[in-house]
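Report on one structure; see the data block that follows.
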2 protein chains.
Amino acid sequence: MKKITIGEAARQSGVKVPTIRYYESIGLLAEPERSEGNQRSYEPSHLHRLAFIRHARELGFEVDAIRTLLALQDDPNQSCASADAIAKARLIEVEQRIRSLTALKAELEMMVEGCGHGRVDQCRVIEVLADHGQCMHPHH
Amino acid sequence: MKKITIGEAARQSGVKVPTIRYYESIGLLAEPERSEGNQRSYEPSHLHRLAFIRHARELGFEVDAIRTLLALQDDPNQSCASADAIAKARLIEVEQRIRSLTALKAELEMMVEGCGHGRVDQCRVIEVLADHGQCMHPHH
DNA sequence: CTACATCCTCTAGTGACTAGAGGTGCAAGA
DNA sequence: TCTTGCACCTCTAGTCACTAGAGGATGTAG
């Protein structure tokens with residue numbers, strides 16, 4: 001058995017030590033066995049779990065969604081419709097967010113370009129903020 | 001004088017009532033006068049401020065940045081270099097975020113497309129999550 | 001044996017709100 | 001005048017996904 005400490009698990013998974021403990025506390029990661037001195041002792045299965053969680057978090061899935069995805073992973077006979085739905089929902093969110101950020105980008109660019117680098121009373125940044133009517137993009 | 005209640009201010013500014021009180025509590029919005037019955041009584045200047053804050057928040061500026069921008073607005077003689085810098089920093093953030101989300105979008109699309117809508121053990125969504133090596137995009 | 005890193009638990013803080021409890025003010029209709 | 005009912009008040013606590021720090025125990029290298 002190649003049991004490892006929480007620090008080593010953190011190093012190998014890229015998830016920080018307090019975050020690993022946090023995942024355990026919210027029931028996302030199973031409680032590992034403990035050493036004689038009460039220190040957590042992780043097995044490879046925990047590392048796989050951590051990698052899964054980390055990747056899902058990087059993709060922006062919420063903890064609740066990850067909980068569902070993990071449950072699905074544990075039951076390979078199940079239909080993957082739920083996993084599909086979760087991923088699709090996340091995709092729609094991401095697309096929405098990109099659209100909205102692209103509109104923001106355009107508005108910010110206009111503000112920054114319009115700034116004459118002079119005094120505040122001619123500054124387009126402040127002006128546009130103060131008067132939303134000057135914003136061309138109906139992003140909000 | 002056209003003083004208005006907090007509810008009316010909320011309606012006109014699009015900022016929710018508790019949020020207005022929150023902005024006051026953190027010193028972003030000046031404390032308004034009170035009626036005899038201790039109710040907040042807002043003037044047009046407060047509404048302009050709220051509109052400014054709301055627009056800035058929609059553009060993703062943090063409260064601290066907004067504090068700075070508001071201070072600049074109050075002092076029109078000042079150089080607008082700070083406002084310019086804040087907007088530019090935000091623009092860079094937004095561009096970064098768009099790039100990162102675009103990479104995520106590609107990965108999510110591959111996951112969703114690859115899903116055969118069958119059982120979990122053939123599901124690409126779960127598979128890709130479990131094995132980051134299958135992810136083509138070096139977004140993280 | 002002694003440093004010293006790493007581990008433990010627990011509490012509290014982050015940002016920007018949001019929700020709820022428990023109470024007061026105010027305007028309109030009966 | 002009373003009452004209905006909404007809007008307002010303050011205060012505390014909850015949200016999400018962590019992060020920071022206190023105060024102490026354990027494990028390991030020299």
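Below, chain A is the first sequence line, B the second, and so on; all start at residue 1.
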query = How many Å lie between CD on B:Glu58 and P on C:dC17, as a whole number?
reply = 11 Å

query = Given C:dG25, is OP1 or OP2 found less than 4.0 Å from the side-chain N or O atoms of B:Arg34?
reply = no

task = Using modelled atom types only, decide if a donor and an acceptor are shared between the side chain of B:His48 and the backbone of A:Ala130 within a distance under 3.5 Å.
result = no

message = Expressed as a whole number of angstroms, how long is the span from A:Arg57:CZ to D:dC16:P?
response = 12 Å

Below 3.5 Å is the cut-off: list the nitrogen or oxygen pairs between protein and nucleotides 19-24 of chain D, distance only.
from, atom 1, to, atom 2, distance (Å)
D:dT19, OP1, A:Lys16, NZ, 3.4
D:dT19, OP2, A:Thr19, OG1, 3.1

inquiry  = Between A:Ile6 and A:Tyr42, is there a side-chain heavy-atom distance shorter than 4.5 Å?
reply    = yes

inquiry  = Are A:Arg124 and A:Val112 packed together at the side-chain level, in the sense that at least one heavy-atom pair is separated by less than 4.5 angstrom?
reply    = no

Any N/O pairs under 3.5 Å between the protein and nucleotides 26-30 of chain D? List them or say none.
from, atom 1, to, atom 2, distance (Å)
D:dG27, OP1, A:Gly37, N, 3.2

ask   = Hey, does A:Ile6 reach any base, or is it just sugar-phosphate, or nothing, if we go heavy atoms under 4.0 Å?
value = sugar-phosphate

key: Other residues, nucleotides, ligands: >12 heavy atoms within 6.0 Å of A:Glu62 CD   = no

task = Answer yes when A:Glu95 and A:Arg99 have at least one side-chain N-carboxylate O distance shorter than 4.0 Å, and no when they do not.
result = no

ask   = Can a side chain N or O of A:Thr5 be found less than 4.0 Å away from OP1 or OP2 on C:dC7?
value = yes

ask   = Is a side-chain N or O of B:Arg90 found less than 3.5 angstrom from the main chain of B:Leu59, in a donor-acceptor match?
value = yes

Backbone of A:Ile98 reached by a side-chain donor or acceptor of A:Thr102 within 3.5 Å = yes

ask   = Near DNA chain C, under 4.0 Å by heavy atom, which residues of residues 60-67 of chain B?
value = B:Glu62, B:Val63

ask   = With a 4.5 Å limit on heavy-atom distance, are the side chains of B:Leu91 and A:Leu104 in contact?
value = no

request  = Please state how far atom CD in A:Glu24 lies from atom C1' in C:dC8, giving the value in whole angstrom units.
outcome  = 12 Å

inquiry  = For a quick test of reading the model: is some side-chain N or O of A:Tyr23 closer than 4.0 Å to OP1 or OP2 of D:dC18?
reply    = yes

ask   = Between B:Ile20 (CD1) and D:dA7 (C1'), how many Å, whole number?
value = 13 Å

ask   = Will you find, in the side chains of A:His46 and A:Glu24, an N or O donor that is under 3.5 Å from an N or O acceptor?
value = no

request  = Using atom CG of A:Leu29 as one end and atom P of D:dA17 as the other, report the distance to the nearest whole Å.
outcome  = 16 Å

Euclidean distance, atom NZ of residue A:Lys3 to atom C1' of C:dC7 [Å, nearest integer] = 17 Å

inquiry  = With a 4.0 Å limit, can you tell me whether A:Arg40 has a side-chain N or O closer than that to the phosphate oxygens OP1/OP2 of C:dC7?
reply    = no

ask   = Where the side chain of A:Arg21 is defined as all heavy atoms beyond and including C-beta, which of C:dT9, D:dA17, D:dC9 is the nearest nucleotide?
value = C:dT9

message = For the CZ atom on B:Arg97, are there more than 12 heavy atoms of other groups (residues, nucleotides or ligands in this structure) within a distance under 6.0 Å?
response = no

ask   = Can you tell me if B:Ser13 uses its side chain to pair, donor with acceptor, with the backbone of B:Ala9 under 3.5 Å?
value = yes

key: Any side-chain heavy-atom pair of B:Tyr23 and B:Arg57 under 4.5 Å   = yes

